[in-house]
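Single-structure report; data block below.
Computed from heavy atoms alone, side chains included, the values below leave out hydrogens, waters and symmetry copies. We name chains A, B, ... by the order of the sequence lines, and we start the count at 1 in each one.
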Amino acid sequence: MRSLSETQISSRRAKVISVDIEQLADLGPIQGYSRALVIFRLHGAVVGRSWLDLVDGCIRKQALRMELEAFARPIADRMLTPPPPTELPSASVVVCTRNRPHVLAYCLRSLQPLAQAGHEIIIVDNAPSDQRSAELVARYPQFRYIREDRPGLDRARNCGLRAATGAIVAFTDDDAIVDPGWLDALRRNFVDPGVALVTGITMPLELETEAQLWFEESNGFGRGFMRRCFDIQWQEPLGAGMIGAGVNMAIRRSALAEIGYFDPALDGGTLSISGGDQEFFYRTLLRGFQAVYEPGALVWHRHRRDWKSLHNTIYGYGVGLFAWWTRAFLVERDLQALKVAVFWFWSHLVRQAWRALRRKPGAIPFDLAFAELRGAMFGPRAYLKARLVKDEA
Amino acid sequence: MNTAEISIIIPTHNRVAQLLRLLDSLALQSYPMHQAEVIVVADACRDDTAMQVMRIQAKLPFELHFFEHEARNPGATRNLGASKASAELLFFLDDDMLASPGLVQAHVDAQAEKGIVLGYSRPVPPPKPSRWQLDARLWWEQSFANMQHPEHRFSYYDFFSGNVSMPARIFRQVGGFDTNFAGRLEDYELGLRLMQVGADFQFCIQARADHYDTTDLPQWLARRRFEGAAEILIAERHPETRASLEQAYVYEPSLGYRMLRSLAWRGALDGGIYNTALKLVHQLEKYNLRYRRGHLVYALSRYQYWRGQAERFPSQRQFRSWLKTRAPVIKPVKLDLSDVLADRIDEVELVQAAQHGVSVVLDGVELFTQPPTSCSEPTTLPHLKSSFRSWLRSGTAARLHWFLRESFSMPGLKQTVVAKELPPISVVVCTRDRPEQLARCLAALQKQDYPDYEVVVVDNVSEDAAVEQIISASGFRYVREERPGLDWARNRGWQAARHALIAFSDDDAQPEPDWLRWVAHAFVQPDVDVMTGRVEPLALETEAQRLFEVYGGMSKGKLPRRIEGAHLHGQHLLSAHDCGVGANMAFRRTALQKLGGFDTALDTGTLSGGAGDIDIFHRALVNKMVIRYQPSALVYHEHRRSMQALERQIEQNGRSFGVYLLKVWSQQSVPRPVVARYAAAWLKGWVLARVVRALIGKLDVPRSLAIAELRGALDAARAFRATYDQDWAIRQKYGDEWNEDQDMASEDWCLELVGIIEQTDRMKVAIERSKLDGEAVEVNRGAGEQFPYLQASFIPDYLQLARSLPSKQDGNHVDRQ
């Protein structure tokens, strides 16, 4: 991993610390940090997180205890969860990567124990410009290496889905590191036959730069600390972003026949930039399957370090969201999508940009708000153009 | 023929293609199929079923028997098949299933335990499924997922005859399917009878068959109508299911649906409107307008269901009166939560107990109940644990905090320590001319299971001489208070009391024997200043007593709470009546001193008629004190027996709450706009709303009570002026010396020093003075060891003083007055 330059590191940077609430102890001393993001865990699952100031580089046990009061619900829920069944469905892990061997190396190292436990690990190399990723994967003889030459994250995901042999296919990104209990926590939820999709919780690997801090403070991947079940009766499918994100998800392969594969005109590597995962979640709910959000399945994600990449990411979220809503409207003939898109555009994006412009308290930086708005305006066109490109290919 | 181990019974009706597919899949079983016989019963088939089955019969690896009849009833068809079966094990399989290779083997294996084995019928929607078919799949999958859960409590509606096996013995014992039912209702009905004979249900996910169900919305809606009628039939035979029917009928909150129900009973929408609505559903579905479609489908299904009920009862009135005739409710058996969670309950005992339902309690407080067994399988420990989980999850944050702190002693979270040391407590009971009730109260206080407590009975201007006799007979301390008013008496009482913890009860209340232990428990946390407990009716003999409970009663819930004044503001400070009631409360002496005692213009005996307790809770909260509600500290209260007394009490409730709000307004302990809003909400949402509901006949208590409360509330402004004028007059006449120094000196409470260290100087003066007056002060010689936290500088002089005083035996101390 390339080291950070001095100028990038924020003075507000925070140390990420994971603690088991059954074994609380004084933390520290930690050098060079003035605050910490403490992630509380019970039986491996995340039950809460707090931003705490370091006093002389330490956090007292008492201070940690006080924080726990706020997480009574997730703690009780986790304590009351009965033990998992012994027989779990088989699983494959798919990681899609593109020209980032320096990041991928960390991811592969964290997947090594899963491969040793007998799970199939597939690395899909998406339109690589050199052999570095292939060489890296070759160091791990248990991993399968597949090349998908047409660019597009969703193409790579589909390629992984087709190659996988497990009943469950779990996905993570190349810039993430999986926790040891990750795959088992995902698999546990597939014991119910109606569940076609399980997502997990994503926590930051490091909080060094302003961009990373902002992303975490604005709750970028946060979906709460309670296990939740989603189905069409209680969750509007167009709000599928609530369920989770593609960085940490698992799919039941047998349900693909009804749900279909990822749309190659969406997500990274295409004009739509993102939204492929959410569109898949949408179809999962629409076809009458259940989805589960499981905070026991933890993935550590390295957020974008520089502000420019963060800016691009937020722009991409705007494009992707409206691109997949366009798809829902045109392909699934979902009139509701039109209504939801208009509502979201005016009451969230425009309002957010307006608040940012007037520097209201709690408003997001204006460049990000404007980027998301711009992205949303380009979204529908991006999807149509991406489809044309796809058809040509 | 007699060698068959398992008889597979397949009823069929005009579905030859599916039937042949099923027979093919049965030919490919991992189970040795020569040990099985397959019985196909065709019911009123108009296609070439018979011919096709005959054609392939020879090729199949199992014995196949084919029968035909014209019953047009799936139950009768299955009964016919069962009567022809020769094996000891019956396996009912529907013709629209496709067996997985391990299906028969899984059933045979699971049958080792000899019960009802429910297989997993995996729903497979047809190609291009409709929205309803996808929703139905979701419903099926969810119900199978629930059944798969090891803690699932099986009930009769889990029984599905499409993929189920059972010993023929049990089937014959219950007499097979009832042919009066159809459309899945025959399953429910048989399931109910199986439950009643105590058959053991289990779900086996390995016994998988794919269910190619082609039902769609119109068929389902038609079936709903049948369900409505058949549920009543079931309830006629099994009255225990009537409760859920009644609940469904009564719980119809929206006016729109009540109107739809009336239309359904008249059949007003049958035909054209109904069909148009069905077409509209189709159109909405086409454009994915999910919400509108969902509402419409729900309304149609309710309509059809009520149409079905209307077939049995021509008018809703008849239906309602039929619902009312029910079996009496059986009292459930109580089990302690800690025993349940720690597996300390005998299973056999539990099964017997579960006949009457189970109620789970903690510290004597009921948490949740499991209904009796007649419709479901007997309650077991896992079921109780599972319902504990759902009880906790469905609850508020307070419930969770309580759970983590108190029952699981969650490491890391604050824990409540159970009182190990029991500090001495003074109990103050105020009475006025109620000798009979007082005698019962004092008898209950004599039975307290507590090492060190005293009882001070304050006689508030009683004219009845029996009061004094009863008190002297009980051996408790007698104190006379000449100024009329409950709060004068309470103030006199806590001044006369000796100990640092002072508990209050009323003369018409009877504390439980462990009451004082729970009071002490509540004060274990050092920051708790005020404790309140639960008050339940002693008896509900008269109509007035029952109505008082219906009207709200005195109980404030079953869960312990901590109410922290420092974290409350605005209207939450005003809702002090939620903290507790005066019949069961306790204070630290320091708290009472800081608050300056009770407001003597309030409560019974004055013109305000009440609210002395609400007022002091409010002031405690305003002073940032902590109130603990401890429901396990239980006191029984004897409600007013006659209707007139009840009406008077309700009127006084209204008046005194108004007076309390006016007092807060004048004192400005809460900003006046908040008080104004709160008062408006109280008048509109509580008092007037009740009057309006009473006038349109929707109130479950007589309208005179609602009107009495309104009368009281309207009278509040006058009463507020009058009661404070009267209080001023009393103070002029008798003096208000109860909180003066010389009055304190006359009492011998000062040996208990907990928490009054800041008043050291005042104390010294008091003791000096009592010495000069030659007053008797009891000395506790071990005071130095008992109060290690006293300021070191103070202890020597205090002990010196105390030792120099003459000691006196504690007796029936009569106050100076």
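Proximity to chain A among residues 138-151 of chain B is limited to B:L138, B:E141, B:Q142, B:A145, B:Q148, B:H149, judged by heavy-atom separations below 4.5 angstrom. Below 4.5 Å, heavy atoms of chain B meet heavy atoms from A:V191, A:D192, A:P193, A:G194, all part of residues 185-195 of chain A.
One side chain, B:Y291 or A:E236, offers a donor N or O that lies under 3.5 Å from an acceptor on the other.
B:R290 places no side-chain N or O within 3.5 Å of a backbone atom of A:Q233 that could act as its donor or acceptor partner.
The closest side-chain heavy-atom distance from A:Q336 to B:Y287 is not below 4.5 Å. Side-chain contact between A:L286 and B:N288: present, with at least one pair of heavy atoms (C-beta onward) separated by less than 4.5 Å.
Atom CH2 of B:W220 has more than 12 heavy atoms from other residues, nucleotides or ligands within 6.0 Å. A 6.0 Å sphere centred on NE2 of A:H348 holds more than 12 heavy atoms belonging to other residues, nucleotides or ligands. Applying the 6.0 Å contact sphere to OH of B:Y157 captures no more than 12 heavy atoms from other residues, nucleotides or ligands. Within 6.0 Å of the CZ atom in B:R292, the count of heavy atoms belonging to other residues, nucleotides or ligands does not exceed 12. When the shell of 6.0 Å around CZ of A:R60 is examined, it contains 12 or fewer heavy atoms from other residues, nucleotides or ligands.
Heavy atoms of B:P125 lying under 4.5 Å from chain A belong exclusively to its side chain. At a 4.5 Å heavy-atom cutoff, A:L64 makes no contact with chain B through either its backbone or its side chain.
A:L335 CG to B:L284 CG: the interatomic distance, rounded to the nearest 0.5 Å, is 10.0 Å. The distance from atom CG of B:L134 to atom CD of A:E258, rounded to the nearest 0.5 Å, is 7.0 Å.
The residue among B:K286, B:K385, B:R131 with the most heavy atom pairs within less than 4.5 Å of chain A is B:R131.
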